[in-house]
Amino acid sequence: MSRPVLSVRGVTRTYETASGGLTVLKGVDLDVMPGEVVGLIGPSGSGKSSLLHAAGLLERPTSGEIRIDGADVGGLDERARTHIRLASIGFVYQFHHLLPEFSALENVMMPQRIGGASYEAARAESLRLLDLVGLTPRADHRPAQLSGGEQQRVAIARALANKPRLLLADEPTGNLDPKTAEKVFDVLLGIVRAEGLAALIATHNHKLINYTDRTLLLHEGKLVDGGKLTV
């Protein structure tokens, strides 16, 4: 039996505020298996981004355990955490965060080049990914020359460039029109399942949630099976 790509156990996250500690995660447990797409919903401020940041090694939880491919990553130093993020985790945010001075193709190539891929290999893989998200004709355009939806599709291609084991997405289609959102989401699902990725996707788009394997609701700091709730 395969093991989870992402395993979260007893994770809490407390932020210090002017009025005292604010706990947004209260003992969260979660497993995401290879090839599985898990949707994450919850109101603004419920802690969805905090959970994604903890799972993606961008923030350290206040307590609890994070495992990637079975390895406990909680005690690793920042250099080791950075290596895991580059090699094993793909991120997609609501805002694209593309580098404005580089073309769409160069933005997708960047993480591969940092990871040691040759120029030729990075270029070939980047063109393949841009084709998957329907942007081959725009490969040489810089972000300022692209629409908001096109920029986000480039960001999705970039997140997949290093063939990550885990894809974490925070409103990945939030800036796309409904038709394009469905197309891009379909591409994401195909890649996740074909290549055995695990995906945790936070979204407010309940239509897209219907395409996930299961849905979890973050409610009062804990995860609840969203399939049992009216959302």
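FYI, side chains are in, hydrogens and waters are out, and symmetry mates aren't considered; it's all heavy atoms of this structure. Along the sequence shown, the residues carry numbers beginning at 1. All values derive from a computational prediction rather than experimental measurement.
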*Will you find, in the side chains of R79 and T82, an N or O donor that is under 3.5 Å from an N or O acceptor?*
no

*Sequence neighbours left out, what passes side chain to side chain donor-acceptor pair (under 3.5 Å) with S46? Give chain and number order.*
none

List the atom pairs, donor and acceptor, that lie under 3.5 Å between side-chain atoms in residues 51-60 and the rest of the protein, sequence neighbours left out.
from : atom 1 : to  : atom 2 : distance (Å)
H53  : ND1    : E59 : OE2    : 3.3
E59  : OE1    : R13 : NE     : 3.4
E59  : OE1    : R13 : NH2    : 3.4
E59  : OE1    : Y15 : OH     : 3.1
R60  : NE     : E78 : OE2    : 3.4
R60  : NH1    : G74 : O      : 2.9
R60  : NH1    : L76 : O      : 3.4
R60  : NH2    : L76 : O      : 2.7
R60  : NH2    : E78 : OE2    : 3.0

*Any side-chain heavy atom of S49 within less than 4.5 Å of one from D170?*
yes

*side-chain contact (heavy atoms from CB on, under 4.5 Å) between R113 and E106: does it pass, once the steps are laid out?*
CA-CA 10 Å; R113 296 288 283 149; E106 290 166 337; over 6 Å; no

*Distance (rounded to the nearest 0.5 Å) between R123 CZ and L130 CG*: 10.5 Å

*asked:* Distance check, rounded to the nearest 0.5 Å: I68 atom CD1 versus I66 atom CD1?
replied: 7.0 Å

*asked:* Give me the atom names and distance for the closest heavy-atom approach of P111 to L86.
replied: O-CD1, 3.8 Å

*asked:* For H219, I'd like to know if atom NE2 has over 12 heavy atoms of other residues, nucleotides or ligands within 6.0 Å.
replied: no

*Residue pairs, two or more places apart or on separate chains, that pass salt bridge (charged side-chain N to carboxylate O under 4.0 Å, His left out) and touch residues 134-148*: R138-E150

*Partners passing side chain to side chain donor-acceptor pair (under 3.5 Å) against E65 (at least two apart in sequence or in another chain)*: R67

*Would you give the length of the straight line joining atom OG1 of T212 to atom CZ of F185, rounded to the nearest 0.5 angstrom?*
6.5 Å

*With R214 via side chain to side chain donor-acceptor pair (under 3.5 Å) - residues at least two apart*: E36

*asked:* If you define the side chain from C-beta out and look only at heavy atoms, does anything of L218 sit under 4.5 Å from L216?
replied: no

_Check R128 with E125, please: is the shortest side-chain N to carboxylate O separation under 4.0 Å?_
yes

*Under the side chain to side chain donor-acceptor pair (under 3.5 Å) test, which residues partner S118, sequence neighbours left out?*
none

*Charged N to carboxylate O below 4.0 Å: is that the case for D72 and R9?*
no

*Got a second to check how far L135's CG is from Q152's CD, nearest 0.5 Å?*
11.5 Å

*Measure the spacing between NZ of K163 and OG of S88 and express it to the nearest 0.5 Å.*
13.5 Å

_L217 side chain reached by L223 side chain, heavy atoms, under 4.5 Å_ = no

*Heavy-atom side-chain proximity of L197 to L160 below 4.5 angstrom*: yes

*Among side-chain atoms of S63 and T12, is any donor-acceptor pair under 3.5 angstrom?*
yes

*Once you round to the nearest 0.5 Å, how far does OG of S126 lie from CZ of R158?*
11.5 Å

